[in-house]
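So the structure is just underneath, and the comments pick up after that.
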Amino acid sequence: MSKRKILPLEVIAARLAAMKRVGKTIVHCHGCFDLLHVGHIKHLQAAKRMGDALVVTVTPDKYVNKGLGRPAFTEDLRAESLASLECVDFVAIDRGPTAVEAIRIVRPDYYVKGQEFENLPRPPARLQAEIDAVGQVGGQIRFTHEAVFSSTALLNQRDVRGWDESAPTEERPTREDGGPPISPGGASSTTGPNQSAGACSEDARRFLDGFRSRHSVDEVLAGLAGLRDLRALVIGEAIIDEYRYCLPLGKSPKEAIVTTREVRRERHAGGALACANHVGGFCGEVHLVTCLGGNDSQERFVRDHLRPNVTPRFFVRPGAPTITKRRYMWEPFLVKMFEVACMDDTPLPSEVEHEMLDYLDGTLPAYDVVIVADYGHGFLSPRAAATLARRARFLAVNTQANAANLGFNLITKYPRVDYACIDEAEIRLAVGDRWSPVGTLADTLRGLRGCSAVSVTRGRHGALTCGEDGVWWEVPVLSGEVVDRMGAGDAYLAVTAPCVAAGMPLDMVGFVGGVAGALAVRIVGNRSPIEPADVHQLVTTVLR
Ligand SMILES: Nc1ncnc2c1ncn2[C@@H]1O[C@H](COP(=O)(O)OP(=O)(O)OP(=O)(O)O)[C@@H](O)[C@H]1O
Ligand SMILES: [Mg+2]
């Protein structure tokens, strides 16, 4: 019976047109609905109350872009579960990657999204196209205000429960006070078992309970919206991340090696390019100072992979390629087999460096925040670090320790740092201390470089942020869904640096960093930047 509701879009459109002629109001919702849950049901029921007929269109399998192994349910099953709901009148499996074509065919009076899409400072391009399409057919966009859940988090609960909760914690003066005690009647009970309750570790739940008692969703979203007016500069090495997916063929008869066959390739704009793209989602105007190779510069690719509000200024290293890190992946399991770095990481030729230092000298004071993504591949010398420290009004720095720089690239290269954002291994190398608690190291670094804030990212143990008041905010990871860890630290830096520059309270900075980290580990390498809409959605989800 309910399957009769599942029809081709054109058939549904004809029936809706007849209903409209007799004055009925048509409501349209669109989504992936991979694992239909109570959040979806409440959203659809609320949408139906806005009109007479509710049509739901479903993202087809080939356009579900939620990571490996998704969708968990085929488009037919997803449509069938929707059709079984009393509030749903018609279901169609869409054909395109967005709802735009479906909106043009359905011609709804109301196109309805969840509250997590409401009041975005700048709707993502896909949503904007949908809003435009609704306007063109004479309809309006509306929002429901029901509890927000996440299918992704729910689908990952099994993995999450497998977390190692025995991860070491530190003895520290952290502030988790003020939050209500964790109890079945606690903050989340009004909306039922929300996503955070299902997807978070005990530590995360405790942190979120405390955080909710100090800050509201609206405060966090207002803080993020305030970043729009900042002028940001990102500086660091451009890196092309290349993936070559291969199938092992077998052992060569003449060598002791396994031969592989390449099946596909993928390239991402990484390093400072990725950082600038992350920042570009939050700050209105982003400038990028970076280095390309004089040979095989890949400038076209680089330009094509920057957000429109990121303006690059390239300096060219003659006789070298643009830094390319080529990873050979074992295709079926997405495991890295080995990596080849194509680069010249000696110091920049002095004439190129002089040109860059002159440029920086003249332009740095104009920025509200200067974000350094220093990979230690020869672009930023101690002289450049000194210029940045002398001229930037607010300097945020990450210095990566990696296989190529062998721990020679330390944050202490910068005479002054306002916000240091580095991982645990990097801070231990920088302050030469292998065993002390991370918070103690952060205090030491703050003293050494006069930082107003330090964040130490700690992979699956989350991150710690501290400021001049000596309080350490320890934020556990907010999601257990990990597709790829690479680039998570860069995303953390890029999203938190403008927050610190804008004067956001440091516990909120730590929370926003945790949200950025949770989203970054869902993205394969630097395939795409962190989208503000996803940040808004996760903020809303975990704080409700
Ligand atoms: N295994 C994980 N599980 C959950 N979250 C993670 C995991 N690894 C990283 N994260 C998230 O990403 C944030 C930053 O990651 P991490 O500490 O690994 O940075 P990093 O070592 O600088 O990484 P990279 O240099 O590759 O960008 C963490 O604070 C956390 O929020
Ligand atoms: Mg890092």
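Atoms within each ligand, like the ligands themselves, are counted from 1 in listed order.
The contact set between ligand 1 and D490, taken as ligand atoms under 4.0 Å from a residue heavy atom, comprises 27 (O). Every atom of ligand 1 with a heavy atom of D423 under 4.0 Å away is listed here by number and element: 20 (P), 21 (O), 22 (O). When each atom of ligand 1 is checked for a heavy atom of R458 under 4.0 Å away, the hits are 17 (O). Ligand 1 places these atoms under 4.0 Å from at least one heavy atom of R460: 1 (N), 2 (C), 3 (N), 7 (C), 8 (N). Near A488, meaning under 4.0 Å from one of its heavy atoms, ligand 1 places the atoms 12 (O), 14 (C), 15 (O), 27 (O).
Among V521, V456, V482, V515, the residue whose heavy atom lies nearest to atom 3 (N) of ligand 1 is V482. The residue from G517, S455, G487 that puts a heavy atom closest to atom 26 (O) of ligand 1 is G487. The closest non-hydrogen atom to atom 24 (P) of ligand 1, taken over G525, G489, G514, comes from G489.
Distance check: C246 SG to F338 CZ gives 7.5 Å after rounding to the nearest 0.5 Å.
The pair R522-D534 fails the salt-bridge criterion, with no side-chain N (NZ, NE, NH1 or NH2) lying under 4.0 Å from an Asp/Glu carboxylate O.
No more than 12 heavy atoms of other residues, nucleotides or ligands lie within 6.0 Å of CZ in R126, so this atom counts as exposed by the packing criterion. At most 12 non-hydrogen atoms from other residues, nucleotides or ligands lie less than 6.0 angstrom from CZ of F408. Heavy atoms from other residues, nucleotides or ligands lying under 6.0 Å from CZ of R434 number 12 at most.
Polar contact check, E426 against ligand 1: no nitrogen or oxygen pair lies under 3.5 Å apart. Looking at Q400 next to ligand 1, an N or O pair under 3.5 Å apart turns up. At under 3.5 Å, not a single nitrogen or oxygen of Y492, backbone or side chain, sits near a nitrogen or oxygen of ligand 1. Of the polar atoms of G462, at least one N or O is found under 3.5 Å from an N or O of ligand 1, judged by distance alone. At under 3.5 Å, a nitrogen or oxygen of G459, whether backbone or side chain, sits near a nitrogen or oxygen of ligand 1.
Residue contacts with ligand 1 for V477 involve side-chain atoms from C-beta outward but no N, CA, C or O (heavy atoms, distance under 4.0 Å).
Side-chain polar atoms of T399 and Y414 form no donor-acceptor pair below 3.5 angstrom. Looking at S381 and E353, their side chains do bring a donor and an acceptor atom within 3.5 Å of each other.
Listed by first and then second residue, the salt bridge (Lys or Arg N to Asp or Glu O under 4.0 Å) pairs involving residues 485-513 are R214-D507 (not counting sequence neighbours).
Heavy-atom separations between S479 and ligand 1 include at least one value shorter than 4.0 Å.
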TODO: List the steps, then state whether side chain to side chain donor-acceptor pair (under 3.5 Å) holds for D218 with S216.
DONE: CA-CA 5 Å; D218 290 348; S216 66; 5.3 Å; no
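Taking the six-membered ring where tryptophan is involved, the planes of F33 and H40 are perpendicular, since the angle between them exceeds 60° and thus also 30°.
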